[in-house]
Amino acid sequence: MNEVELKYNELDVDTYLALRSQVQWKLLRKEQAEAALKNSLFIVTAYLDHACVGMGRLVGDGAVICYVQDLIVLPQAQGKGIGSKVLTALKQKAEEFRMENTEMMLCLMCAKGREVFYESHGFLARPTAQLGPGMIQYLRTPLDK
C-alpha cells in the first residue's frame, strides 16, 4: 500500500468543493465554503500518491465542545485506513485544545451505515439510556414560487 500523507490547515476551497462533489454531498456556494474553512478550528487533508483523497475538519469552541465535520474519503481510496488516520488526527487535536482537568465533548453526525466505523473509534451512537437523539434543523432560503 502506498503511504498516506496528512497535511494540516492547508485545504483550499476548490479542493474542498471537489471532494464534496465527488461524494455527492450538498452543493455549497464558494463564499460559504470559504467561510467554513476559515472558521474551522483544524483541518486535516489526506493525500495518496500526491492526490487529495480525503479530509476532515474540527469545528466548535475548542473548550467545551468540538465537532468532527466533513469527514470525507473518496470511494476509490476507502478501505485503506485513511478515514481512521484523519479521525485520529482530529481527535488528537481536540485533546490538545482540551483544558487540563476538564471534559470536552467531541461530537459528530454520521451518514447512515457509518455508525460502526465511528463506534470503533470510541464514539457512542445516540440515543442511549442517558442521552437523547441528536437533532438537526436546516436553515435555508425558501424556494422561489
Side-chain angles (χ1 to χ4, degrees), residues 1-140:
M1 179 175 110
N2 298 333
E3 189 66 29
V4 175
E5 179 185 7
L6 298 181
K7 294 185 180 179
Y8 308 104
N9 297 320
E10 294 184 14
L11 182 62
D12 65 89
V13 70
D14 292 327
T15 303
Y16 175 51
L17 290 171
L19 287 168
R20 290 180 61 91
S21 175
Q22 290 178 72
V23 293
Q24 288 80 48
W25 282 7
K26 289 182 181 183
L27 295 176
L28 300 178
R29 290 181 45 195
K30 190 167 188 173
E31 301 83 6
Q32 187 181 19
E34 287 169 342
L37 294 177
K38 177 181 174 254
N39 292 320
S40 298
L41 295 173
F42 185 65
I43 302 169
V44 179
T45 46
Y47 291 80
L48 192 59
D49 296 327
H50 306 289
C52 186
V53 296
M55 64 149 302
R57 303 188 296 133
L58 271 185
V59 299
D61 59 29
V64 175
I65 192 163
C66 285
Y67 289 90
V68 173
Q69 185 66 39
D70 296 336
L71 184 58
I72 297 170
V73 177
L74 297 181
Q76 65 270 23
Q78 291 177 6
K80 301 177 188 303
I82 295 168
S84 290
K85 288 183 183 205
V86 170
L87 185 56
T88 297
L90 294 171
K91 286 176 62 176
Q92 287 172 344
K93 181 53 79 172
E95 273 292 348
E96 290 176 21
F97 287 140
R98 188 176 60 80
M99 295 173 195
E100 189 174 338
N101 299 317
T102 67
E103 178 180 79
M104 177 192 287
M105 291 180 288
L106 180 60
C107 303
L108 60 84
M109 291 190 301
C110 71
K112 267 192 173 302
R114 303 289 188 210
E115 297 88 353
V116 171
F117 169 77
Y118 291 104
E119 288 170 343
S120 74
H121 289 275
F123 287 87
L124 300 172
R126 293 179 71 162
T128 67
Q130 295 81 27
L131 302 171
M135 302 181 85
I136 189 168
Q137 182 181 66
Y138 290 100
L139 305 175
R140 59 173 68 116

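Numbering starts at 1 and runs along the sequence shown.
Residues K7 and V44 have side chains not in contact (no heavy-atom distance under 4.5 Å, counting atoms from C-beta outward). Residues V53 and Y47 are not in side-chain contact: their nearest non-hydrogen atoms beyond the backbone lie 4.5 Å or more apart. Counting heavy atoms from C-beta outward, Y8 and I43 have side chains that stay 4.5 Å or more apart.
Counting non-hydrogen atoms of neighbouring residues, nucleotides and ligands closer than 6.0 angstrom, the CD atom of E103 reaches no more than 12 such neighbours.
T102 places no side-chain N or O within donor-acceptor distance of the main-chain N or O of R98, the cut-off being under 3.5 Å.
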As a quick check of understanding, evaluate side-chain contact (heavy atoms from CB on, under 4.5 Å) for L58 and L106, giving each step before the final call.
CA-CA 9 Å; L58 271 185; L106 180 60; 3.9 Å; yes
Starting from the C-alpha separation in whole Å, work towards a yes-or-no answer on side-chain contact (heavy atoms from CB on, under 4.5 Å) for W25 and L19.
CA-CA 9 Å; W25 282 7; L19 287 168; over 6 Å; no
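The two residues M104 and C66 come nearest to each other via the heavy atoms SD-SG, 3.6 Å. When all heavy atoms of L74 and C52 are compared, the closest pair comes out as CD1-O, 3.8 Å. Heavy-atom minimum distance, V86 versus G56: CG1-N, 3.7 Å. When all heavy atoms are compared, the tightest approach of Q78 to V73 is NE2-O, 2.8 Å.
Note that CD of E34 and CG of D14 are 8.5 Å apart. Values are rounded to the nearest 0.5 Å.
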